[in-house]
Amino acid sequence: MLDARGAAVPAIVHWGADLGDLPESALTALAEASVPAVPPSSVDVPLRLSILPSLAEGWSGRPALHGHPAGPLQLISAEDQNAGVRVTSSDGSLEVTTDVELAPHGVLRIRHRLANRGTADFDLAGLDVLLPIPENAAELLDFTGLWAHEREPQRAPLRHGVWSRESRHGRPGHDDAFLMMAGEPGFGFRRGRVWAVHLAWSGDKRIWAERSALGPGVLGAGELLAPGEIRLAPGGTYETPWLVAVFSDTGIDGLSDRLHPWIRSRSTLRRPRPVVLNTWEAVYFDQSLPVLTELVEAAAAVGVERFVLDDGWFTGRRDDKRALGDWYVDTSIWPDGLHPLISLVRSRGMDFGLWVEPEMVSPDSALARDHPSWVLSSGLTWRWQQVLDLNDPDAYAYVRDRVTALLNEYPIAFLKWDHNRDLLVASHHQTRALYRLLGELRAAFPDVEIESCASGGARVDLGILDLVDRFWTSDTNDPLDRQRIQRWTSVLIPPEYLGGHLGDGTAHVTGRVSALGFRLATALFGSAGIEWNLTAASDSERAEIAAWIAEYKHLRPLLHTGVVVRADAADPAHELHGVVAQDRSQAVFALVSMGSARAALPPPIRFPGLDPDRLYTVRPLGTPPRVMQDAPPPWMAAGSVTLPGRVLAEVGLPAPLLAPEQALLLNVALA
Ligand code: DGJ
């Protein structure tokens with residue numbers, strides 16, 4: 001709630017629990033009643049956090065607007081808009097328009113637009129969105145990570161000072177803070193009040209929490225601008241990315257329960273997510289029609305619906321050291337182009353996807369040799385590649401036209417759009433150009449789905465999600481890593497957007513050996529696929545995969561529309577997560593052992609999210625996991641049990657003692 005009375009920039013009166021439909025008189029009373037005392041040794045007026053906090057209003061924390069010169073802002077207008085309110089403030093030469101939108105799902109979006117109405121240039125150092133958090137939001141949870149190890153959660157108390165996470169990767173990065181949560185100490189998946197913010201942006205950014213001896217705490221975020229990157233000439237404008245903010249009084253799951261329906265309501269997905277086979281870990285650069293023909297046949301036989309040809313199809317790309325930018329099919333390995341392969345794929349009832357990395361250029365490429373000025377160089381190569389300067393109109397047109405030509409020549413249903421290096425230079429203009437490029441291609445080819453991949457999950461954000469349909473969640477297909485990565489990535493992103501592939505028994509990235517059942521149960525909860533040379537799988541493995549795909553197709557409507565739930569684990573080695581239908585008529589759960597259990601009799605499986613007053617039957621599903629017990633709990637030996645949702649949530653069911661790195665899938669349906 002904003003207080004836009006008077007001449008000052010509107011104050012934020014409340015961000016948190018829904019206060020119900022308050023009458024105008026109560027809103028006014030609340031605005032007046034929330035004015036704080038004037039503390040000693042301070043400005044002589046009550047300090048209220050505005051939507052553009054600044055020194056000029058007595059806010060000595062990190063301000064919203066950084067730049068020189070910027071005077072005190074005054075309110076010009078506040079108007080109701082369709083989805084919220086638009087506030088315009090000005091210092092006489094700088095004008096800031098702030099859009100505040102609250103979606104019915106409980107998701108708040110805020111962004112500023114700055115216009116230089118003065119007569120001199122204005123150097124913008126930063127323009128951020130800040131929101132207040134109360135004193136009980138005293139514990140922070142955000143993320144860090146590495147390549148193939150994204151979304152590693154980290155918790156810390158919020159003390160006096162700034163906890164700021166800054167990304168200078170030109171993409172959010174593997175260590176992206178992702179979603180910054182501030183909650184009641186000890187908040188969990190199902191407990192505690194939590195305030196969370198995410199910046200819908202794919203370039204450099206900062207996201208922070210601050211509390212000071214002054215009292216109020218804030219969460220804030222904005223683009224991380226390099227000096228001189230945004231110089232506004234008179235008449236020039238700059239728009240911040242949207243800050244997406246959510247509150248939950250039921251823990252982290254409550255955040256997802258607002259974010260997922262909101263993201264789904266904006267979705268462009270028109271059909272169920274197809275089961276993918278991606279060639280990367282199956283053949284790497286060993287591409288040829290005979291090799292891939294066998295893989296296509298094996299994929300079709302188990303029920304795959306989309307065949308994706310990964311890196312290695314274009315001129316000269318025999319390894320990852322060259323040829324990015326030369327986006328022509330390599331006729332030395334594809335003498336008839338991709339037509340024979342694509343015809344085969346389509347004749348087997350699958351559609352076809354192609355890997356591209358349009359923002360990049362290899363120094364060893366015809367493109368770099370012919371157009372050295374198109375390289376946006378930081379000097380250093382990274383994976384032996386450089387970045388193509390999308391702000392060069394000729395470079396932009398070249399890459400747009402090459403992708404367009406491929407999409408015109410071939411029936412391509414899906415592009416895996418990769419981005420395998422940090423920019424190492426300022427990213428604002430490149431990120432905006434990327435958005436423009438993706439937007440142009442989507443307008444021209446509305447039926448082509450696009451996946452955002454950046455060495456796995458280094459570009460998973462709600463900015464690019466307006467322009468893509470899937471994320472490659474991580475380069476690791478190791479199910480143990482994937483359990484954690486998917487659990488945390490899906491706090492923000494609904495699972496149907498998160499690619500999860502069945503990999504080889506020996507994970508290519510980590511070398512860890514995992515049981516097929518564990519790998520299948522892990523890949524089930526996402527946009528499922530395979531990234532394994534199926535021609536090397538045994539007959540029994542292929543039969544198990546075919547059965548899994550059939551089950552996935554059956555469960556897909558539930559998995560991709562339901563409510564994601566996660567239990568707060570008593571034993572961190574035993575985790576329970578699941579998806580419950582919106583009408584709570586059915587659910588699928590996975591009890592996952594991440595390691596050895598702490599107790600021989602593990603804690604009961606207590607099912608979150610069911611309707612307490614309805615009767616459900618619980619049945620094991622899929623490949624039975626390896627267990628370490630002389631006899632199973634009797635309900636499992638019987639094959640099923642029927643109990644009310646309240647009993648399943650409060651008392652739960654005795655759990656089997658799973659061996660480490662196993663998953664028990666459970667189907668829950670109304671009795
Ligand atoms: C990085 C991606 O994350 C992988 O899945 C694969 O597409 C390679 N790039 C190809 O170079």
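Numbers here are sequence positions counted from 1. Ligands are counted one by one from 1 in listed order, and the atoms in each one are counted from 1 as well.
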To the nearest 0.5 Å, atom CG of Asp422 lies from atom CZ of Arg168 at 12.0 Å
Here the gap from Trp355 atom CH2 to Leu415 atom CG, rounded to the nearest 0.5 Å, amounts to 11.5 Å
Parallel, tilted or perpendicular, as decided by the 30° and 60° cut-offs, for the rings of His560 and Tyr552:
perpendicular
Quick note, ring pair (Phe, Tyr, Trp, His ring centres under 6.0 Å) partners involving residues 512-532, not counting sequence neighbours, are Phe525-His577
Distance filter under 4.0 Å, heavy atoms only, around ligand 1 gives Trp280, Asp310, Asp311, Trp355, Arg383, Lys416, Asp418, Asn420, Cys453, Ser455, Gly456, Trp472, Asp475
Here the salt bridge (charged side-chain N to carboxylate O under 4.0 Å, His left out) pairs for residues 443-462, sequence neighbours left out, are Arg270-Asp447, Arg273-Glu449, Arg306-Glu449, Glu359-Arg459, Glu451-Arg470
Salt bridge (charged side-chain N to carboxylate O under 4.0 Å, His left out) pairs touching residues 286-301, sequence neighbours excluded, are Glu297-Arg348
